[in-house]
Number of protein chains: 2
Amino acid sequence: MNEQNQTVKPYVIGLDLGGTNSVFGIVDARGNIKATTAMKTAGFENAEAYVAASMKVLQPIIEEVGGIEKIKAMGIGAPNGNYYHGTIEYAPNLPWAHDVIVPLADMFSKALGVPVALTNDANAAAIGEMMYGVARGMKNFIMLTLGTGVGSGIVVDGKLLYGSNGFAGELGHVVVMRQDGRSCGCGRAGCLETYCSATGVARTARELLQTDARPSILRGLNPEDITSLDVSVAAEQGDALAKEIYEFTGHLLGEACANFAAFSAPEAFIFFGGMTKAGDLLMNPIKESYQKHVHVLFRDTQFLVSSLDGSNAAVLGASAVGWEIG
Amino acid sequence: MNEQNQTVKPYVIGLDLGGTNSVFGIVDARGNIKATTAMKTAGFENAEAYVAASMKVLQPIIEEVGGIEKIKAMGIGAPNGNYYHGTIEYAPNLPWAHDVIVPLADMFSKALGVPVALTNDANAAAIGEMMYGVARGMKNFIMLTLGTGVGSGIVVDGKLLYGSNGFAGELGHVVVMRQDGRSCGCGRAGCLETYCSATGVARTARELLQTDARPSILRGLNPEDITSLDVSVAAEQGDALAKEIYEFTGHLLGEACANFAAFSAPEAFIFFGGMTKAGDLLMNPIKESYQKHVHVLFRDTQFLVSSLDGSNAAVLGASAVGWEIG
């Protein structure tokens with residue numbers, strides 16, 4: 001990119017494509033979000049209808065920043081996103097991309113007339129963190145996104161690790177419980193995300209409430225409705241059972257990170273997503289367990305929480321992928 | 001490197017520094033070993049004495065190829081080798097590098113007057129395989145060396161993964177048995193290498209002979225003397241117990257590889273080292289177990305055995321590290 005282009009096209013569109021909401025932002029090179037808009041992700045018959053609706057909500061914010069000639073590129077972070085092909089592949093939580101391979105980058109590129117790059121949502125978060133967050137200046141780190149599921153973005157030598165097929169970094173699907181593991185959406189059992197996601201924490205709560213007789217604030221809730229937030233609120237009020245749920249979760253995560261460290265020797269693990277709101281309740285057991293389980297060569301690894309504002313981080317991450325291609 | 005240099009300095013010295021033997025080879029760019037020599041690794045008071053002795057055995061083979069002016073560089077593959085620093089760090093099996101950090105690359109560089117690069121022995125094997133073996137043309141693969149221990153070299157996007165501190169790729173020390181795992185030389189328990197190395201197979205044999213009443217050829221041996229080779233010979237003779245030992249070993253390895261795949265999505269796993277002599281006895285259960293345990297995204301990974309001649313492969317791998325720096 002030359003100086004002139006940089007001046008003429010100062011913005012990138014970032015799209016955080018989630019199972020529920022699609023959030024669009026127009027972002028400058030410093031990570032300032034100049035304009036933003038959103039729509040529901042579901043309710044479209046197919047990907048064409050989704051792109052058409054996106055164009056409608058995008059139009060006003062593109063005008064707001066001076067028109068499409070100000071836009072250098074677009075970056076998309078999406079579940080089951082494949083960077084190599086610009087596709088979303090068999091995304092279990094996207095009704096219009098459930099059983100198919102959707103060439104979403106190409107579709108948006110044709111509709112907008114700018115280059116479009118697409119990556120897995122956790123990879124987008126990692127790139128965003130490297131450009132605008134606590135990972136600035138880091139060459140080797142692992143981002144773990146703890147939300148409904150567990151995602152990961154692995155940065156090696158300053159670059160996202162994509163592997164031979166574009167799907168590297170699926171650490172939520174590393175099996176951490178070999179025996180009697182919980183069944184996972186991927187069809188297997190014992191995956192990290194069945195324990196250490198928000199839904200995993202809720203599962204642990206339901207299990208423990210059945211097997212442990214201690215009193216707990218959580219017993220006042222309908223077991224099926226318990227969320228990870230309920231558990232963290234209870235733990236903060238001193239509820240011993242709720243605390244134990246987070247200790248168990250953090251312990252498993254720390255153990256898993258000790259194994260991940262033997263792979264890529266990261267400078268830091270960076271945590272992102274709704275679960276990080278639990279703060280030290282989660283981070284302390286992770287760190288303790290990591291030190292207890294890790295090989296002596298990897299003891300110095302840092303444990304950090306994303307410094308990006310939650311609602312903007314995913315859009316910034318997506319836009320960062322756009323800067324790379326633009 | 002320019003054409004002239006290439007003509008003038010056509011060779012690299014490779015050193016495969018093992019716990020027992022140090023094997024030197026002078027190698028051309030096509031992987032032909034032009035001259036070779038060896039000496040015992042142990043029996044030296046310190047690293048200086050080791051380097052001095054190395055220079056003595058090297059001198060004749062350097063003369064043989066036309067003198068030091070024909071040598072472009074030297075590459076060393078060594079246990080606990082750190083590529084970033086050119087050091088051997090606290091190598092448990094090297095008496096003169098047991099409790100210290102030895103700047104071996106610098107020491108050889110001063111003695112020889114050529115650039116010297118040093119890396120972990122498993123990393124050297126991976127680079128050798130990429131330059132001369134079955135991994136030619138591959139950009140993403142994982143090399144697992146199954147010998148006295150389990151080592152690994154991870155190649156991502158055509159480059160060795162070194163991580164933040166130079167020690168990435170210690171997959172032998174990924175914990176595969178969380179409960180009641182075997183104690184490991186690293187001070188922890190349940191590491192992959194306590195089960196899937198040659199010594200791990202011997203441990204499995206001793207355990208199974210105690211807990212299983214079936215007759216077995218292995219009962220004719222002193223339990224403490226049983227080797228992985230004894231087990232594979234017995235298995236080839238149809239010994240059911242011996243077969244089960246390899247099935248157990250391969251099963252664990254396949255399961256571990258399924259987790260490793262979720263990290264770097266390799267095109268292939270490549271196995272190297274004495275244990276691979278067991279052939280299908282080991283490889284079949286690995287492949288079966290991998291397909292049973294792996295996430296659907298990583299089903300297409302190949303399982304290969306090193307194509308390099310065992311005795312030369314390590315020297316070729318070490319020399320390859322030299323070509324990179326030379």
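Both backbone and side-chain heavy atoms feed into the values below; hydrogens, waters and symmetry mates do not. Here is the naming used below: chain letters follow the sequence lines, and residue numbers restart at 1 for every chain.
- Note on B:Val175, B:Val156, B:Ile142, B:Val176: by heavy-atom pairs under 4.5 Å with chain A, the leading option is B:Val175.
- Residues that satisfy the ring pair (Phe, Tyr, Trp, His ring centres under 6.0 Å) test with B:Phe141, not counting sequence neighbours, are absent from this structure.
- Both the backbone and the side chain of A:Leu171 come within contact range of chain B, judged by heavy atoms closer than 4.5 Å.
- Neither the backbone nor the side chain of A:Leu192 has a heavy atom closer than 4.5 Å to any heavy atom of chain B.
- Of all heavy-atom pairs spanning A:Phe263 and B:Leu161, the tightest one is O-CD2, 4.0 Å.
- Only the side chain of B:Ile154 comes within less than 4.5 Å of a heavy atom of chain A; its backbone N, CA, C and O stay farther away.
- Looking at B:Val296 and A:Phe167, their side chains never come closer than 4.5 Å, going by heavy atoms from C-beta outward.
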Taking donor and acceptor roles from the modelled atom types, list the N and O pairs under 3.5 Å across chain B and chain A.
residue  : atom : partner  : partner atom : Å
B:Ser164 : N    : A:Ala265 : O            : 2.8
B:Ser164 : OG   : A:Ala265 : O            : 2.7
B:Asn165 : ND2  : A:Leu297 : O            : 2.9
B:Gly169 : N    : A:Ala262 : O            : 3.1
B:Gly169 : N    : A:Phe263 : O            : 2.8
B:Glu170 : N    : A:Ala262 : O            : 2.7
B:Val175 : N    : A:Asn259 : OD1          : 2.8
B:Val175 : O    : A:Asn259 : ND2          : 3.1
B:Arg178 : NE   : A:Glu255 : OE2          : 2.8
B:Arg178 : NH2  : A:Glu255 : OE1          : 3.1
B:Arg188 : NH1  : A:His293 : O            : 2.6
B:Glu255 : OE1  : A:Arg178 : NH2          : 3.1
B:Glu255 : OE2  : A:Arg178 : NE           : 2.7
B:Asn259 : OD1  : A:Val175 : N            : 2.8
B:Asn259 : ND2  : A:Val175 : O            : 3.1
B:Ala262 : O    : A:Gly169 : N            : 3.1
B:Ala262 : O    : A:Glu170 : N            : 2.7
B:Phe263 : O    : A:Gly169 : N            : 2.8
B:Ala265 : O    : A:Ser164 : N            : 2.8
B:Ala265 : O    : A:Ser164 : OG           : 2.7
B:His293 : O    : A:Arg188 : NH1          : 2.5
B:Leu297 : O    : A:Asn165 : ND2          : 2.9

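- Shown here for A:Val174 and B:Ala262, the closest heavy-atom pair between the two residues is CG2-CB, 4.1 Å.
- Using a 4.5 Å cut-off between heavy atoms, A:Met138 makes no contact with chain B at all.
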